[in-house]
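One structure is given below, encoded as structure tokens.
Whatever order the structure lists ligands and atoms in, that order sets their numbers, starting from 1. Counting begins at 1 with the first residue of the sequence.
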Amino acid sequence: MVTENLSPDELLTTTRAVRKRLDLDREVPLELVTECVEIARQAPTGSNSQGWHFMLIDDVTKRKGLADLYRQGWDRYLNAPGSLPDTISTQSESTGKEANHNDQMKRVLSSAQYLADNLERVPMLMVPCMEGRNDQMTGPYANAVYAATYGSIIPATWSYMLAARVRGLGTAWTSAHLIYEQDAAELLGIPYDKFTQVALIPTAYYMGENFRPALRRPLEESLHHNSW
Ligand SMILES: Cc1cc2nc3c(=O)[nH]c(=O)nc-3n(C[C@H](O)[C@H](O)[C@H](O)COP(=O)(O)O)c2cc1C
């Protein structure tokens with residue numbers, strides 16, 4: 001049931017990665033997230049394949065198993081070159097926009113660490129999967145096939161997150177458990193050779209009132225008109 005009255009632009013500009021504001025003590029009804037999945041299935045899908053699958057997990061043991069895999073993946077990510085901590089400057093003299101960006105990255109790291117530490121406590125986890133595996137693809141078609149595969153599940157997953165938001169639920173896109181995707185597949189009974197997991201979306205009621213648009217890099221850095 002929709003509880004938040006947001007304009008389309010408000011919804012699109014304020015649906016944040018929610019981690020510290022997830023209510024870990026309030027149960028999320030299966031029917032409510034099923035509604036979000038139903039809406040997600042209206043997203044575009046390559047060749048109208050509809051090969052998407054949405055795995056909802058509220059079982060305590062499976063949540064714990066997934067959280068353990070997530071933490072292993074998260075720790076590996078933290079130690080990899082170019083990971084979030086690497087991008088945070090330790091120089092105190094940074095000023096203006098640079099300092100704002102640095103502060104934002106520190107907040108993201110602290111929030112992401114909180115999620116990693118508490119993931120099994122999030123009442124509902126959603127793992128979106130897509131039919132097929134492209135692990136070994138190379139050559140001229142590879143990019144088109146990868147793009148079609150991910151492009152047929154990522155828009156739907158974002159729709160799930162938007163549908164959740166207007167129902168008072170917070171979510172965050174996460175990918176750290178994918179380093180251990182095969183172990184997660186075994187835990188959840190997903191046929192690993194036939195289906196690709198693309199994310200893990202913690203889902204819980206959010207606490208507090210408003211979310212704000214995030215600070216983004218200047219528009220000119222990402223907008224191109226007619227030529228790059
Ligand atoms: C492909 C992708 C992977 C991500 N992986 C993780 C993750 O493993 N853990 C996490 O806490 N957040 C993860 N995030 C969330 C980002 O950190 C978050 O979207 C970003 O900091 C911007 O914050 P905002 O979504 O609130 O604007 C991921 C986001 C994307 C799009």
Checklist entry - Should the heavy atoms of other residues, nucleotides or ligands under 6.0 Å from CG of D135 be counted, would the total exceed 12? => result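 Yes, enclosed.
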
Hey, is [X] close enough to [Y] for a salt bridge, meaning N to O under 4.0 Å?
| X | Y | result |
| --- | --- | --- |
| D103 | R107 | no |
| E181 | R133 | yes |
| E120 | R71 | yes |
| E131 | K194 | no |

Is there a nitrogen or oxygen of [X] sitting under 3.5 Å from a nitrogen or oxygen of ligand 1?
| X | value |
| --- | --- |
| W173 | yes |
| R19 | yes |
| A112 | no |
| A214 | no |
| T174 | no |

Checklist entry - Step by step, would you call L119 with H177 a side-chain contact (heavy atoms from CB on, under 4.5 Å)? => result CA-CA 11 Å; L119 191 62; H177 92 285; over 6 Å; no

Next on the checklist: For Y70, which part has a heavy atom under 4.0 Å from ligand 1: side chain, backbone, both, or neither?
Outcome noted: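 Within the 4.0 Å criterion, Y70 contacts ligand 1 through side-chain atoms alone.
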
Checklist entry - Relative to ligand 1, is H177 under 4.0 angstrom through side chain, backbone, both or neither, heavy atoms considered? => result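 Near ligand 1, H177 shows nothing, with every heavy atom at 4.0 Å or more.
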
Item to check | Pair Q72-I179, side-chain contact (heavy atoms from CB on, under 4.5 Å): steps then yes or no | outcome: CA-CA 8 Å; Q72 286 179 51; I179 299 174; over 6 Å; no

Item to check | Ligand-residue contact atoms, ligand 1 with A17, heavy atoms, under 4.0 Å | outcome: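 Near A17, the atoms of ligand 1 are 24 (P), 25 (O), 26 (O).
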
Item to check | Atom indices of ligand 1 within 4.0 angstrom of R216 heavy atoms, with elements | outcome: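 Reading through ligand 1 atom by atom, the close ones are 27 (O).
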
Next on the checklist: Considering non-hydrogen atoms of the protein only, which is the closest contact for atom 8 (O) of ligand 1, and what is the distance?
Outcome noted: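 Checking every protein heavy atom, the shortest distance to atom 8 (O) of ligand 1 gives S175 N, 3.0 Å.
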
Next on the checklist: Protein non-hydrogen atoms only, distance under 4.0 Å: does atom 20 (C) of ligand 1 have such a neighbour?
Outcome noted: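 There is no protein heavy atom less than 4.0 Å from atom 20 (C) of ligand 1.
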
Item to check | Pairwise side-chain contact, L200 with W173, heavy-atom cut-off 4.5 Å (strictly under) | outcome: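 They are not in contact (no side-chain heavy atoms under 4.5 Å apart), so the answer is no.
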
